[in-house]
Amino acid sequence: GDQPFVGTSIYFGAIVCFLFVLGAFLVPASVKWWLLSGGLFMVSLAWGKNFFLNHLLYDYFPMFNKFRAVTMAMGMGQLCVAALAALGLQKLCDPDIPMERKMRALYVGVGVTASLCLLIARFSGVMYDPPQEVLDRDKGLAEQIRLPNLPELLEADRLAMMRADAFRSLGFILVAAALIWLYLKGSIKANLTVIAISLLALTDHWMVCNRTLDSSKYENK
């Protein structure tokens, strides 16, 4: 849903989400379930008025209505997702876990996250649902510069960006999965695999975060 006054979003990371799903099949239940449920609960809080649970908490839970933005819950949700992803990567290197179980977790992790990327790329037009104020702003700008088809051009641009990001995420997931597959087959060592995946995940985050906070936002003292 729309965000009334929050200007940006929190990016979990394509590789982190892939490892999160993988970790759900490798991490022990005593740790896995509270990270899974906690992460999903926090993300649901961040939906704010777009999810019924928040109406109950807002009306009855002490101090909950004092939050300036419920999207702050995404920070805790991101922590849970990242923790389970890191533990999943750790369990891949655990010699006590059977190879068949590791390969199954890898295939499920790739299957779920890659399928989501492809669905977004394929059905981006159906998912495109900007807030009314964005549509009104597009229409006003079109009238101002006397370009009647500007809203359609902007929609096409946004859909193209959405599809490009879906394929970009798919690329990061497949590269990370390939590194894990090579490790499980004995072609590369565990420490090299962990370092390479960590650098890939950092690159993924850096590229997205740089869209909002780049070098032009800084000034010399």
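Along the sequence shown, the residues carry numbers beginning at 1.
Considering every non-hydrogen atom in both Val16 and His205, the closest pair reads CG2-CE1, 3.8 Å. Minimum heavy-atom separation, Tyr11 to Ala14: OH-N, 3.3 Å. Nearest heavy-atom pair, Leu200 versus Phe172, reported as atom, atom and distance to 0.1 Å: O-CE2, 3.7 Å. Scanning both residues, Ser215 and Asn210, for their nearest heavy atoms gives N-OD1, 4.4 Å.
Applying the side chain to side chain donor-acceptor pair (under 3.5 Å) rule to Arg146 yields no partners; only residues at least two apart in sequence or on another chain are considered. Residues that satisfy the salt bridge (Lys or Arg N to Asp or Glu O under 4.0 Å) test with Lys217, not counting sequence neighbours, are Asp214. With sequence neighbours excluded, the residues that form a salt bridge (Lys or Arg N to Asp or Glu O under 4.0 Å) with Arg158 are Asp138.
Put simply, the side chain of Val208 does not reach to within 4.5 Å of the side chain of Phe12, judged on heavy atoms. Met63 places a side-chain heavy atom less than 4.5 Å from the side chain of Lys66. Two residues are said to be in side-chain contact when any heavy atoms from C-beta on lie closer than 4.5 Å; Val27 and Leu35 fail this criterion. At a threshold of 4.5 Å between non-hydrogen side-chain atoms, the residues Val108 and Leu22 do not count as touching.
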What's the verdict on side chain to side chain contact (heavy atoms under 4.5 Å, CB included) for Leu150 and Ile145, showing C-alpha distance, side-chain angles and the deciding distance? CA-CA 9 Å; Leu150 179 64; Ile145 64 175; 3.8 Å; yes
Could you walk me through whether Gln132 and Asp136 pass side chain to side chain donor-acceptor pair (under 3.5 Å), step by step? CA-CA 6 Å; Gln132 186 59 44; Asp136 292 340; 2.9 Å; yes
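Other residues, nucleotides and ligands place no more than 12 heavy atoms under 6.0 Å from the OH atom of Tyr58. Crowding of Phe167 atom CZ: a count of heavy atoms from other residues, nucleotides or ligands under 6.0 Å not exceeding 12.
Between Asp165 and Arg211 there is a salt bridge, since at least one side-chain N of the basic residue sits less than 4.0 Å from a carboxylate O of the acidic one. Using a 4.0 Å cut-off between charged side-chain N and carboxylate O, Lys102 and Asp94 make no salt bridge.
Here the side chain of Arg168 pairs a donor or acceptor atom with the backbone of Asp204 at under 3.5 angstrom.
Atoms CG and CE, on Leu92 and Met103 in that order, are 10.5 Å from each other to the nearest 0.5 Å.
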